[in-house]
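Worksheet: one structure, shown below.
Since we're looking at a predicted model, the values are computed, not measured.
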Amino acid sequence: DCRVGLGQGDYAQTLAREIVLQAKARGALQFAGTGFGSYLLLGAILGVEKQARVGLLRSNRKTFGRKNLIEGDLNSNQPVCVIDDVINSGRTACQAVEVLRQEGFVVHHCLCLFHFNWGCGVESLAKEGVECSGLATVSRSGQPRSETSASASRNLFSQLFRAFAKFFN
């Protein structure tokens, strides 16, 4: 769960700067995501890149107003980079790709903070024609996930955020 680290402005902006650099190298300055982790990261992206456009994706169309699935300032004539804090199964990112495509956007890349290499997320996105890359790949040593691993995961993310902050600042 990256929300704790992303809730700290210095960490979020440090990571956002690197994501913007990677997205620019791929020809994208539009970003979209769903879920609290990506929402925090999208806000940080706006704080570090004034030319960026972002969209927050809803799981269901609003029942009032414009009935939007996407909130924000995206241009359907420009490519969109899907943002996610963590890619494991790829379910959330694939759903984001589907929503964007249904609304007429071209998605060719997904950027994440952490890619869990034991999940099938990168492969799931590839089947959708979307390349995925992360700032870090997280591996595990083959042990089954346990109830106590949540605490260990929080500690791991805290360590990784601190390392990224030191490296990129």
Side-chain angles (χ1 to χ4, degrees), residues 1-7 11-12 15-16 18-47 49 52-140 145 149-150 153-154 156-157 160-161:
D1 185 350
C2 295
R3 292 173 285 196
V4 173
L6 288 172
Y11 290 156
L15 295 167
E18 182 60 22
I19 283 178
V20 167
L21 287 174
Q22 288 193 25
K24 279 183 175 180
R26 291 171 172 86
L29 259 179
Q30 293 198 121
F31 305 90
T34 186
F36 289 109
S38 70
Y39 292 169
L40 290 166
L41 194 50
L42 290 167
I45 287 169
L46 285 175
E49 178 55 59
R53 293 174 173 247
V54 303
L56 307 178
L57 308 181
R58 297 176 167 277
S59 56
N60 296 306
R61 193 173 294 281
K62 284 178 22 177
T63 59
F64 57 91
R66 296 185 181 125
K67 299 181 172 44
N68 292 336
L69 271 173
I70 303 171
E71 300 291 346
D73 183 32
L74 296 180
N75 180 340
S76 61
N77 295 319
Q78 298 174 2
V80 178
C81 180
V82 170
I83 297 296
D84 209 343
D85 54 347
V86 172
I87 297 289
N88 187 3
S89 70
R91 184 180 52 83
T92 303
C94 286
Q95 288 172 341
V97 168
E98 182 179 339
V99 166
L100 287 161
R101 288 180 173 164
Q102 286 174 358
E103 296 296 304
F105 292 92
V106 173
V107 179
H108 60 78
H109 202 84
C110 175
L111 287 170
C112 64
L113 300 180
F114 303 108
H115 160 241
F116 293 138
N117 73 347
W118 60 84
C120 60
V122 172
E123 294 83 8
S124 296
L125 285 160
K127 288 178 186 174
E128 297 297 322
V130 177
E131 181 188 351
C132 179
S133 59
L135 300 185
T137 298
V138 180
S139 300
R140 67 178 178 193
R145 191 172 174 105
S149 68
S153 293
R154 280 191 295 277
L156 169 67
F157 286 126
L160 287 170
F161 275 115

On a heavy-atom basis, the closest approach of L74 and G55 is CD2-N, 3.7 Å

Over all atoms of both residues, closest heavy-atom pair of C94 and E128: SG-CG, 4.3 Å

So which atom in N88 and which in G119 form the shortest heavy-atom distance, rounded to 0.1 Å? OD1-CA, 3.1 Å

Answer yes or no: does atom CZ of R91 have more than 12 heavy-atom neighbours from other residues, nucleotides or ligands under 6.0 Å? no

Taking the side chain as every heavy atom from C-beta outward, state whether I19 and F31 have any atom pair closer than 4.5 Å. yes

Starting at CD1 of I45, measure out to CG of L40 and round the result to the nearest 0.5 Å. 11.0 Å

Correct closest heavy-atom pair for G121 and I87 would be CA-CG2, 3.7 Å

In short, C110 meets A93 closest at the heavy-atom pair SG-CB, 4.1 Å

Let me confirm one number: the CD-CG distance from Q95 to L100, rounded to the nearest 0.5 Å. 12.0 Å

Just by modelled atom types, is the E71 backbone N or O under 3.5 Å from a matching donor or acceptor in the R58 side chain? no

Using 0.5 Å steps for rounding, measure from the OG atom of S76 to the CD1 atom of I70. 9.5 Å

Show your working on side chain to side chain contact (heavy atoms under 4.5 Å, CB included) between E49 and L29 and close with a plain yes or no. CA-CA 9 Å; E49 178 55 59; L29 259 179; 3.7 Å; yes

For the residue pair A52 and L46, what are the closest heavy atoms and their distance? O-CD2, 3.7 Å

Can you check whether N75's main-chain N or O pairs, donor with acceptor, with Q30's side chain at less than 3.5 Å? yes

Looking at CD1 of I83 and NE2 of H109, how far apart are the two atoms once the value is rounded to the nearest 0.5 Å? 8.5 Å

Counting only N and O atoms by type, is there a donor-acceptor contact under 3.5 Å from the side chain of T34 to the main-chain atoms of A96? no

Rounded to the nearest 0.5 angstrom, the CG-CZ distance for L21 and R26 is 11.0 Å

Apply the test side chain to side chain contact (heavy atoms under 4.5 Å, CB included) to residues V86 and C112: give CA-CA distance (whole Å), side-chain angles for both, the deciding distance (0.1 Å), then the verdict. CA-CA 6 Å; V86 172; C112 64; over 6 Å; no

Show the numbers, then the answer: is there a side chain to side chain contact (heavy atoms under 4.5 Å, CB included) between V130 and R101? CA-CA 12 Å; V130 177; R101 288 180 173 164; 3.4 Å; yes

What's the spacing between S38 OG and L111 CG if we round to 0.5 Å? 12.5 Å

So W118 and F116, would you call those rings parallel, tilted or perpendicular, with 30° and 60° as cut-offs? parallel

Side chains of S133 and H115: is there a donor and an acceptor less than 3.5 Å apart? no

